[in-house]
Amino acid sequence: MAEEGLIFHALDKNFYQQPTLELAVSLLGCILVKETEEGKAAGIIVETEAYVGPMDKAAHSYNNRRTKRTEIMFHEAGVAYTYVMHTHTLFNVVSGKKDNPEAVLIRAIEPVEGIDLMVKRRGMPESANLTNGPGKLTKALGINTSDYGHPLTEKPLFISQGFVPESISSGKRIGIDNSGEARDYPWRFWITGNRYVSRHQNAEKIIVLKDVRTNGGT
DNA sequence: TTCAGGATGCGC
DNA sequence: CGCATCCTGAAA
């Protein structure tokens, strides 16, 4: 029940200084943590998508489009990019060098702490449905547009070192069918077989990483 | 499977 | 103003 007392340690700025596609992979297995007055909630990142700035028609920052909303994507890596789509908040990790508007969308997490709080916020019993989508996980964690621009190296919203996935799959991104050729880029990544992944899709490629990398570590 | 909800940006 | 969108839950 009460999985309390887990200690999370925020990854430092250097972690985010890797190319966006690599960061999207490295984030898998890391822990996303949000603390509020209601309590702490955290989950393992199990699904990501890369959005690679000016040359990616699916990115908000395509063609260096710079608006009040996309402004934070031009910031140096390691801050939060939140925005509202329809009635849901989506959470991205800004990546790339300063003035390179790139980001990684967090699409799903696996709860590890504060599950009761997530159940309460989502208004439904515990199941994979709690956090298996980009709009669902923000609601479960209490992430909203007030987190826009927040450095992910600091409380109350941060990313901690976590686990090293044994296998990562990649495929086309979700929900970007009107983005021309970018539609087919295999820039979606997920932990192979994880039950919190938002949608089933045949992997174009499976990378077995066990013993090949360390996760956010030294 | 379809569809509305309703924030945000952008073109007309 | 009208329309599209990195989505979700409910209805059919």
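In what follows, chains are A, B, ... by sequence order, proteins preceding strands, each numbered from 1.
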Rounded distance [0.5 Å steps], CD1 in A:Ile31 versus CG in A:Leu27: 11.5 Å

- prompt: For the atom pair CD1 (A:Ile44) and OH (A:Tyr196), what is the distance rounded to the nearest 0.5 Å?
  reply: 9.0 Å

task: State whether the aromatic ring of A:Tyr83 stacks on the base of B:dT8, taking stacking to mean ring centres under 5.5 Å apart and ring planes under 30° to each other.
output: no

Hey, is the side chain of [X] poking within less than 4.0 Å of OP1 or OP2 on [N], counting only N and O atoms?
X	N	result
A:Asn178	C:dT5	yes
A:Arg65	B:dC10	yes
A:Arg122	C:dT8	no

message: What I want to find out is whether A:Lys34 reaches A:Asp147 closely enough, with some N-O distance under 4.0 Å, to be called a salt bridge.
response: yes

query: Tell me, which stems hold DNA chain B, with a stem being 3 or more Watson-Crick or G-U pairs in a row and both distances under 3.5 Å?
result: B:1-5 with C:7-11, B:7-11 with C:1-5

- prompt: Any cation-pi pair here, A:Arg173 with A:Tyr51, using under 6.0 Å and within 45°?
  reply: yes

- prompt: More 5' along DNA chain C: A:Asn92 or A:Lys136, using each one's nearest nucleotide?
  reply: A:Asn92

Polar-atom pairs under 3.5 Å, protein N or O versus N or O of nucleotides 3-7 of chain B: list them with distances, or write none.
{"from": "B:dG5", "atom 1": "O6", "to": "A:His86", "atom 2": "ND1", "distance (Å)": "3.0"}
{"from": "B:dG5", "atom 1": "N1", "to": "A:His86", "atom 2": "ND1", "distance (Å)": "3.3"}
{"from": "B:dG5", "atom 1": "N2", "to": "A:Thr87", "atom 2": "OG1", "distance (Å)": "3.4"}
{"from": "B:dG6", "atom 1": "N2", "to": "A:His86", "atom 2": "ND1", "distance (Å)": "2.3"}

field: Check: A:Phe158 ring centroid to A:His9 ring centroid under 6.0 Å
entry: no

